[in-house]
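Since this is a predicted model, take the numbers as computed values, not measurements. Just so it is clear: chains get the letters A, B, ... in the order the sequence lines come, proteins before strands, and each one is counted from 1.
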Amino acid sequence: MSYNFKEIEQKWQNIWEDKKIYKTDDFKDNKYYCLEMFPYPSGKLHMGHVRNYSIGDVIARFKRMMGYNVLHPMGWDAFGLPAENAAIKHNIPPAKWTAQNIANMKSQLKKLGLSYDWDRELAACDPSYYKWTQWIFLKLYEHGKCYRKAAAVNWCPSCATVLANEQVIEAECERCGTEVEQREMEQWFFKITDYADRLLDDLEELKGWPEKVKIMQKNWIGRSTGAEIIFKVSGIDEEIRVFTTRPDTVFGVSYMVLAPEHPLVERLIENAEHRQEIVEFVRKARNMSSRDRTLSTEKEGVFTGAYCINPANNEHVPILIANYVLMDYGTGAVMGVPAHDQRDFEFAVKYKLPIKIVIQPEGEDWSQKELTQAYAEEGVLINSAEFSGMHNKEAAEKITEWLAEKGLAKKAVTYRLRDWLISRQRYWGTPIPIIYCENCGILPVPEEQLPVLLPLDVKFKPSGKSPLLDCPEFLHTKCHKCGGDAKRETDTMDTFIDSSWYYIRYTSASETDKPWDIEKANRWMNVDQYIGGVEHAILHLLYSRFLTKFFYDIGMLEHKEPFENLLTQGMVLKDGAKMSKSKGNVVSPEDIVDRYGADTARLFILFAAPPERDLEWSDKGVEGCHRFLNRVWRLYDLLLDKEILLADKKSLNEKGLSEYDAGLRRAVHRTIKKVTEDVDKRFNFNTAISAVMELINYIYGYADKVPKKDRNKAVVKEALETIALLLAPFAPHIAEELWEKLGYTESVHCQKWPSYDESAIKEKMITIAVQINSRVRARISIPADISTEEMKERVLNEPQVQKLLDGKEIVKLIPVPGKLINIVVK
RNA sequence: GCCGAAGUGGCGGAACUGGCAGACGCACUGGACUCAAAAUCCAGCGGUGGCAACACCGUGUGGGUUCGAAUCCCACCUUCGGCACCA
């Protein structure tokens with residue numbers, strides 16, 4: 001027999017909604033902003049969502065009971081490709097499809113009993129939202145952080161759109177896994193590279209972020225410091241700029257390599273002997289798909305016939321073209337120092353280029369040495385004119401300065417991070433607020449004309465061009481400047497822009513004449529706790545940090561970082577693999593809620609593993625959690641009667657308690673302590689729940705041993721109340737019902753979190769372990785408040801211990817107060 | 001290749017600051033209740049040996065530090081995640 005979870009959960013969900021107990025007051029002090037990453041409205045909740053939102057809900061409910069004014073909102077990342085694909089496949093407009101999905105998922109979320117302030121709900125596809133996404137675009141444009149340029153860009157043939165660098169994983173599309181192609185196109189970019197240093201440096205201030213995520217961002221930004229050095233081309237008036245992190249090795253340069261796309265290539269090979277061969281090589285390298293190019297480890301190159309001059313020693317070095325040099329990193333040119341760079345070494349061996357040692361380990365003489373691999377360690381310079389003998393670290397500085405004086409070098413910093421390509425040749429996204437006027441050129445749409453509305457009646461043909469091109473009412477417009485004919489930009493924005501500022505919008509979601517109220521945003525920000533999957537470690541989290549910094553710069557926000565503490569939850573697995581349709585190992589949250597109730601579903605997902613770790617789904621484990629809730633329910637039936645209801649906790653007198661009652665009270669207060677610490681300090685919900693389970697087991701034992709007439713009513717009442725309060729964040733419905741059974745009319749979720757009484761926890765006698773040579777040989781009972789000296793004495797006088805020590809010499813006594821004593825003997 | 005995380009019973013996991021390894025849950029075994037089953041309740045449950053008290057072994061592997069190591073250090077193995085010609 002199960003408790004009637006269906007009736008109970010429905011009942012309380014209705015009451016919570018009617019009474020709006022989760023509505024947040026903007027102007028109360030002691031704010032706490034708890035946020036989970038908003039979902040894409042695919043139509044159905046999956047277990048990953050349930051996990052994400054259960055974790056967030058525990059934190060929100062706990063903080064509320066701790067007296068915080070909690071902001072806990074929910075919304076929809078509602079723009080994106082699946083809606084368009086559904087439109088093509090099922091002939092249903094994206095707006096309609098999305099709205100249905102939102103309605104469906106919202107009802108699923110409500111069935112989980114999550115404590116959201118639904119009045120702040122937002123959807124990225126709503127004109128009242130994307131109007132401000134467009135406004136942000138205009139601000140970036142106005143501040144020179146948004147520009148248009150032609151570039152070789154990543155193109156996904158399956159999604160029929162371009163992608164940002166961050167959205168290409170191992171040369172494949174992040175969304176669909178299709179191999180990405182390179183295309184030359186005119187596109188819009190956000191200048192995230194202007195923020196590279198701040199995005200990197202401020203990572204240090206994010207004390208509440210997992211180290212792992214910070215390292216991933218750091219590597220992604222990839223800052224390298226070094227120098228840019230100019231090599232003049234021999235015979236013609238051209239120069240090659242190279243970026244290097246090792247200016248100390250410049251005397252060891254034995255060749256120069258350019259990327260096949262390098263602009264100087266044409267000019268250099270004009271008069272080359274084997275021109276045709278070289279042209280063929282360049283053509284082949286350029287046409288290679290980015291996948292083949294990054295995955296082929298074979299370094300290939302070709303000599304251009306031209307030479308350049310090493311600015312350090314005026315030596316002529318050959319200029320080659322090689323497939324391993326990337327045009328979009330550094331300057332697209334690399335100085336080859338085979339003796340001190342492994343990749344250059346291999347290339348030099350293959351093409352029989354000279355290998356010149358310019359750094360040797362301190363105290364060794366390498367003037368005659370033949371290298372079998374590059375020496376990339378620290379050392380002392382040789383063969384480097386007046387710099388010979390200098391430590392290479394120092395030489396790097398000095399050589400750069402020396403060349404800089406001659407105008408042939410400067411200190412330089414290079415990043416791996418690229419500017420954020422934000423144009424998408426798709427329909428279901430925020431229209432880019434730009435027009436192309438026949439007379440005035442490229443113009444941003446004036447603020448007062450926002451939003452540029454997405455037309456709802458559009459035909460879909462995935463052609464690689466925006467469907468908006470086929471929509472004349474949208475496409476053709478008048479120039480606001482000259483009144484002449486103009487065309488609208490038909491690309492839409494990357495949906496990652498929508499999700500890069502939604503957390504600020506929640507602070508003033510109903511604002512109609514500005515993106516947010518600055519005062520409110522400043523009050524609520526930062527997000528105190530952000531919760532979501534690690535898959536967003538770079539994409540979403542980096543973009544959000546970038547925009548937050550921009551908002552700070554233009555005075556829209558007084559915070560430089562959006563997320564104070566970040567919790568990256570693990571995946572939900574079944575049979576060791578991520579749940580997916582193709583593997584057929586999906587467990588539907590709806591089914592689980594239907595069969596066992598939301599409280600059971602939540603409890604299991606919180607109990608089965610700590611939040612950061614992957615969680616293995618177990619149907620049996622779910623049943624176990626359901627059994628536990630039934631056990632709690634029956635415990636109330638067993639213990640709760642009129643006398644208990646009438647008992648007054650204030651009448652509790654510690655001194656007069658029987659051994660059993662004192663024991664029960666100790667268990668209750670210990671559990672409060674354990675649960676509070678586990679939830680507050682460590683987010684270890686699994687151990688918090690197990691502590692409550694232990695308490696329930698303890699109380700069953702108490703009820704078994706102590707006859708009804710001998711039970712202290714106030715102690716029992718305190719125990720029952722504590723259970724409801726401690727369970728409230730995890731299993732909110734049953735906790736509420738139990739709280740009502742105790743005779744209360746105000747919601748358990750509006751109660752103060754229980755505090756524990758240290759004196760109730762204290763025990764008079766404790767059991768310590770007696771070790772002899774680090775092995776536990778006995779256990780003895782001693783008074784808890786005894787001194788270390790007394791403890792030693794007691795242990796040594798214990799007959800049991802004396803027997804064990806018989807005939808042995810005590811070398812050392814190591815007491816650990818409250819725990820054990822180790823007797824080292826010979 | 002580089003960077004990072006994790007390896008503990010049959011399983012999910014606990015052990016927070018170096019101090020009694022295996023909390024809690026699942027599975028399993030035995031018992032109670034029942035005509036029977038389910039549900040529930042009680043008990044047991046790392047391995048080996050022993051009637052038993054007990055002894056020995058045991059936290060991926062090998063070494064080390066320490067009175068004492070799942071925990072700290074070194075080397076290695078395996079799994080997972082990130083980056084991948086980054087000059």
Side-chain angles (χ1 to χ4, degrees), chain A residues 1-2 169-171 210-220 222-224 226 242-246 249 257 259 293-299 322-326 328-337 341-344 346-347 414-416 534-535 537-538 570-571 573 576 603-604 607-610 612-625 627-628 630-631 634 674 677-678 681-682 684 686-694 696-697 700-701 704 767-779 811-825:
Chain A
M1 259 296 285
S2 171
I169 316 287
E170 284 188 10
E211 213 51 41
K212 174 174 67 167
V213 174
K214 289 194 273 186
I215 289 169
M216 280 165 72
Q217 291 215 352
K218 187 178 170 208
N219 291 341
W220 188 263
R223 176 162 69 192
S224 299
V242 292
F243 172 75
T244 178
T245 54
R246 297 292 305 273
T249 64
V257 247
R293 187 132 164 218
T294 46
L295 296 187
S296 78
T297 43
E298 194 51 37
K299 292 162 191 48
N323 62 353
Y324 75 85
V325 182
L326 308 173
D328 62 356
Y329 182 79
T331 58
V334 179
M335 61 182 215
V337 188
D341 180 287
Q342 188 56 27
R343 197 191 37 202
D344 293 350
E346 284 160 26
F347 191 76
T414 299
Y415 304 88
R416 217 189 72 107
V534 236
E535 65 273 19
I538 295 170
M571 287 186 295
L573 311 177
L603 199 69
F604 169 73
F607 176 67
E612 315 80 24
R613 262 212 255 181
D614 286 351
L615 180 152
E616 177 68 31
W617 184 266
S618 155
D619 291 331
K620 290 288 183 188
V622 177
E623 278 174 39
C625 286
R627 238 184 333 251
F628 165 69
N630 274 312
R631 221 166 123 74
R634 280 195 307 273
K674 169 82 177 150
E677 285 173 358
D678 280 354
K681 293 192 186 130
R682 313 193 299 156
N684 278 7
N686 54 334
T687 51
I689 292 166
S690 79
V692 181
M693 287 173 170
E694 279 180 86
I696 300 297
N697 292 345
Y700 267 103
D704 206 31
T767 305
I768 62 160
V770 179
Q771 296 184 332
I772 293 171
N773 286 345
S774 307
R775 287 180 167 275
V776 179
R777 284 292 127 104
R779 266 169 244 276
V811 181
K812 210 173 174 185
L813 273 181
I814 299 149
V816 182
K819 286 190 174 151
L820 56 76
I821 184 159
N822 189 7
I823 307 168
V824 184
V825 299

Quiz item: Of all the nucleotides listed (B/C85, B/A15, B/C83), which has the minimum atom distance to the side chain of A/Trp220?
Solution: B/C83
Quiz item: From the list B/A55, B/G13, B/G19, which nucleotide is the closest neighbour of the side chain of A/Arg777?
Solution: B/A55
Counting only side-chain N and O atoms of [X], is one of them less than 4.0 Å from OP1 or OP2 of [N]?
X        : N     : value
A/Ser224 : B/A87 : yes
A/Arg416 : B/A84 : yes
A/Asn822 : B/G19 : no
A/Arg634 : B/A39 : no
A/Arg775 : B/A21 : no
A/Arg343 : B/C86 : yes

Self-check item: For A/Asn697, side-chain hydrogen bond (donor to acceptor under 3.5 Å, both in side chains) partners two or more places apart
Solution: A/Arg631
Quiz prompt | Check: A/Arg777 and A/Val770 side chains under 4.5 Å, non-hydrogen atoms | solution = no
Quiz prompt | Sub-4.5 Å side-chain heavy-atom contact between A/Val692 and A/Phe607 | solution = no
Just the rounded figure in Å: distance from [atom2] of [N] to [atom1] of [X].
X        : N     : atom1 : atom2 : result
A/Lys218 : B/C3  : NZ    : P     : 12 Å
A/Met216 : B/G81 : CE    : P     : 12 Å
A/Asn219 : B/A84 : CG    : P     : 10 Å
A/Glu612 : B/G81 : CD    : C1'   : 15 Å
A/Asp678 : B/C16 : CG    : P     : 11 Å
A/Phe628 : B/U40 : CZ    : P     : 14 Å

Quiz item: Considering heavy-atom distances to RNA chain B, does A/Val816 or A/Gly330 have its closest nucleotide positioned more toward the 5' end?
Solution: A/Val816
Exercise. Would you mind telling me which residue lines up with the more 5' stretch of RNA chain B, A/Glu616 or A/Thr244, judged by nearest nucleotide?
Key: A/Glu616
Quiz item: Hey, what do you get for CZ (A/Arg416) to OH (A/Tyr329), rounding to the nearest 0.5 Å?
Solution: 9.0 Å
Quiz item: Quick one: does A/Lys812 reach the base of B/C67 with a side-chain donor-acceptor pair under 3.5 Å?
Solution: no
Quiz prompt | Nearest-Å distance once atom C1' is located in both B/G58 and B/A32 | solution = 36 Å
Please list, for nucleotides 4-10 of chain B, all pairs of protein and nucleotide N/O atoms separated by less than 3.5 Å.
none

Quiz item: B/G9: syn or anti, with syn meaning chi within 90° of zero?
Solution: syn
Using nucleotides 24-28 of chain B, report all nitrogen or oxygen pairs with the protein that are shorter than 3.5 Å.
residue: B/G25; atom: OP1; partner: A/Asn697; partner atom: ND2; Å: 3.2
residue: B/C26; atom: OP1; partner: A/Arg627; partner atom: NE; Å: 3.1
residue: B/C26; atom: OP1; partner: A/Arg627; partner atom: NH2; Å: 2.8
residue: B/A27; atom: OP2; partner: A/Arg627; partner atom: NH2; Å: 3.4

